Each structure stands twice: as structure tokens, then as C-alpha cells.
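Notes for the one structure printed next.
Small disclaimer: the values here were computed from a predicted structure and weren't measured.
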Amino acid sequence: MSNQNLAAACIEALGRVIYGKEAQIREILLALLAGGHVLLEDIPGVGKTRLARAFARVLGLEFRRVQFTPDLMPSDLTGFSVWRRDREQFVYQPGSLFCNLLLADELNRTSPKTQSALLEAMEERQVSVEGVTRALPRPFFVLATQNPLGSAGTQPLPPAQLDRFLVSLSLGYPDRDSELALVNAPADEARLAELPVLLNPRTLQAWQQEIAELYISDQVGAYLVDLVRATRQNPALRQGASPRATLALARLARASAWLDGRDFAIPRDVAGQYTYALAHRLQRTDAARLAGTTAGDILQEILAAAPAPTLGARR
């Protein structure tokens, strides 16, 4: 079985647990293949925890879930040292970050101090505790959820943390047929236990390395850069996307090309990932917010006005 067929089998297996969300499952897998993190903004009860556990099962990853409550401390994530009388010394106890896939549930309910503890882990794949830096397991992948802003007890994530997420998306409500299928579906535990383990961390790392080396032509690269730069001159945006967004879009375009069986990116890869990679990084003007214009609306207008290059393959 080819790598792409095996990846397709992962998507198919995950679809047995999360009904009718193939596009979102594919996008989350792309983010993982690109070595990034995902932010899900949804109301409770649409299957976010089930999705994270299913991903960990199918991809063969060590999974941990942390509920980000107001009293959660940074040391709960990074770890801390405790005195061991039998050893007559302090011994480091790893925190919840030491896993392959972390579900950071309701991230915007905890304090900014605890939110910031994730920054080093997400960017550097390491934690620094008591002057000692410790590497996290590889791959390390954060799937964070946040309740819609305005819900009781929530506070917005700072731009510096939002910028660490490669992709933002929403599962949303299931369609009628998918929700009807849930009525007679087995319990979550039974469905998760039946999922096959198709990958392992070593295979995922090999795929990530292969994807990082995929080719982006000058024409496609220019198209990608121009799309990002267009956000910086848009009158509906107070702040456009940074160069980190450019790199994020390039990583996702490469992953999209790889999943489709190509060793080069084409304009369709860039356009398909544009909103996922940039929407959460933009800051709208007050006028745009009052008019009900979303970041996705603005990005789609930019995308529609940008001419795509006709040549996307290697020359």
C-alpha cells in the first residue's frame, strides 16, 4: 500500500467515528502532516474530544486530554520537581505536555499565564522547567478547542498564541443523515476500540520529512506570497498576516500536494488552504466587525481577485 493510500485509509477509518466531516478530518490530517497544530472553535457536544481520541488511535499516538479550567497551573502542563525521601533529592515529574497528541480542551477558559505555557511547547517542541530544557516526544501535536467568544468565563487568546496554530476550523453541526446515524451508533468507547491502528510516530515523522522537501515552483510561490501580502493592504483588516502565515500556507500546500500523490504544489493546493491557514491570524477593523464581515469573507474576496498562475508543475 502506498503512503497516500495508507493516509486515505486513515481518513476513511476516522470517518467511522465522526460522521459527515470528511473535509475537516482531511484538514486536521494535513495540519499534522505539515507538523502544525489545530484550533477548533465550536460549541460543546459536536464531537471534538471523540475526534481527537480517534486520531490518536488510528495514528498510533500517545494521547492526553487537559481541561483548561481557570485554576489550571502552568506546572500542570510543563511538569515540576518533587522531593523524594527515598532518594534524598528532587525528582522531575513530567507534565501533561509529554505526549504525541494533546487535546487542550476549552483553552480560552484558563488564565493567560497558563495559556502562555503552551507557547514554547508548540513552537519549539520543548519545555523549560527550573532552568532545564526538556524535549517533548516527536511528533508533538496540539489540538486545542475554544468556546465561542462571549460564552461565560471565556477570554480571547492573544495574537501571539493564535499565530502558533497552523490551522483553524470548526466541525459545526452534523447534517441530518449523519445525526440520524448517531442515534443507533454504538457508544463512543465501542467505536473507538474497533478502530484500527494504522500508523506509528516513526512513520508520521518520515512522512513529515518527505512533505517538507516537496517542490514549490517560482510561479506558485509568487502566487502564495501575493495572497498573503494582499491581507496587509486590505481596508477591512487592521492587521494582516505575518511572514509566519506565509510559511504556514506553504507547509499546508506541500502537505495537500503530497496527499494527492504529487511531489510539487499547484495553485489549487494554495487556494484550498488559504482560509484555513490565515483566518485566525487576521484582525478586522471595527467597521468590518460591525458589518458582520468575517475574516473568511475577506479572504475569499482576495482569493477571487487574485489571478492564479497557469503553470504549477516543475519545469
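- Legend: residues meeting side-chain hydrogen bond (donor to acceptor under 3.5 Å, both in side chains) with Gln161, ordered by chain and number and at least two apart, are absent.
- Under the 4.5 Å side-chain criterion, counting only non-hydrogen atoms from C-beta, Phe165 is in contact with Met122.
- Of the charged side-chain nitrogens involved, at least one lies within less than 4.0 Å of a carboxylate oxygen, so that Glu189 and Arg53 count as a salt-bridged pair.
- Put simply, CG on Leu107 and CG on Leu40 are 11.5 Å apart, with the number rounded to the nearest 0.5 Å.
- Arg289 pairs by the side-chain hydrogen bond (donor to acceptor under 3.5 Å, both in side chains) definition with Asp286, not counting sequence neighbours.
- Applying the 6.0 Å contact sphere to CZ of Arg202 captures no more than 12 heavy atoms from other residues, nucleotides or ligands.
- Under 3.5 Å, the side chains of Gln115 and Thr110 contain no donor-acceptor pair of N or O atoms.
- Pairs of residues two or more places apart, or lying in two chains, never qualify as side chain to side chain donor-acceptor pair (under 3.5 Å) while including a residue from residues 90-99.
- Taking Ile, Leu, Val, Met, Phe, Trp and Tyr as members and joining any whose side-chain heavy atoms lie under 4.5 Å apart, directly or through other members, the hydrophobic cluster of Val82 also contains Phe80.
- The CD atom of Glu106 lies 7.5 Å from the NZ atom of Lys48; values are rounded to the nearest 0.5 Å.
- Of the candidates Leu247, Asp269, Val270, Val270 is the only one forming a side chain to side chain contact (heavy atoms under 4.5 Å, CB included) with Leu224.
- Note: Gln233 CD to Ile302 CD1 = 9.0 Å, rounded to the nearest 0.5 Å.
- Using a 4.5 Å cut-off between side-chain heavy atoms of Ile, Leu, Val, Met, Phe, Trp and Tyr, Leu182 falls into a hydrophobic cluster with Tyr19.
- A distance of 12.5 Å separates CG in Leu157 from CZ in Arg164, rounded to the nearest 0.5 Å.
- A side-chain N or O of Thr203 and one of Asn200 form a donor-acceptor pair less than 3.5 Å apart.
- Note on residues 4-13: pairs passing salt bridge (Lys or Arg N to Asp or Glu O under 4.0 Å), not counting sequence neighbours, are Glu12-Arg16.
- In summary, the side chains of Gln205 and Gln209 do not present any donor paired with an acceptor at a separation below 3.5 Å, with no hydrogens or angles considered.
- Looking at heavy atoms from C-beta onward, Phe140 lies in side-chain contact with His37 at the 4.5 angstrom threshold.
- Sorted by first and then second residue, the salt bridge (Lys or Arg N to Asp or Glu O under 4.0 Å) pairs involving residues 131-148 (not counting sequence neighbours) form an empty list.
- Legend: side chain to side chain donor-acceptor pair (under 3.5 Å) pairs involving residues 167-183, not counting sequence neighbours, sorted by first then second residue: Asp42-Ser170, Ser168-His280, Asp175-Ser178.
- Gln24 meets the side-chain hydrogen bond (donor to acceptor under 3.5 Å, both in side chains) test with no other residue; sequence neighbours excluded.
- Partner of Leu33 under the side chain to side chain contact (heavy atoms under 4.5 Å, CB included) criterion, chosen from Ile28, Leu252, Ile211: Ile211.
- Taking OG1 of Thr285 as the start and CD1 of Ile298 as the end, the distance is 7.0 Å to the nearest 0.5 Å.
- At a threshold of 4.5 Å between non-hydrogen side-chain atoms, the residues Leu249 and Tyr274 count as touching.
- Minimum interatomic distance between Ser242 and Val228 (heavy atoms only, all atoms of both residues): O-CG1, 4.2 Å.
- Ile25 has its side chain within reach of Phe55: a pair of non-hydrogen atoms, C-beta onward, lies under 4.5 Å apart.
- Applying the salt bridge (Lys or Arg N to Asp or Glu O under 4.0 Å) test to every pair with at least one member in residues 19-31, sequence neighbours left out, gives these pairs: Arg26-Asp260.
- Atom CD of Gln273 and atom CZ of Arg254 lie 13.0 Å apart (nearest 0.5 Å).
- Residue pairs meeting the salt bridge (Lys or Arg N to Asp or Glu O under 4.0 Å) criterion with at least one member in residues 233-252, sequence neighbours excluded, are Asp163-Arg244.
- Annotation: side-chain hydrogen bond (donor to acceptor under 3.5 Å, both in side chains) contacts of Arg64 (sequence neighbours excluded): none.
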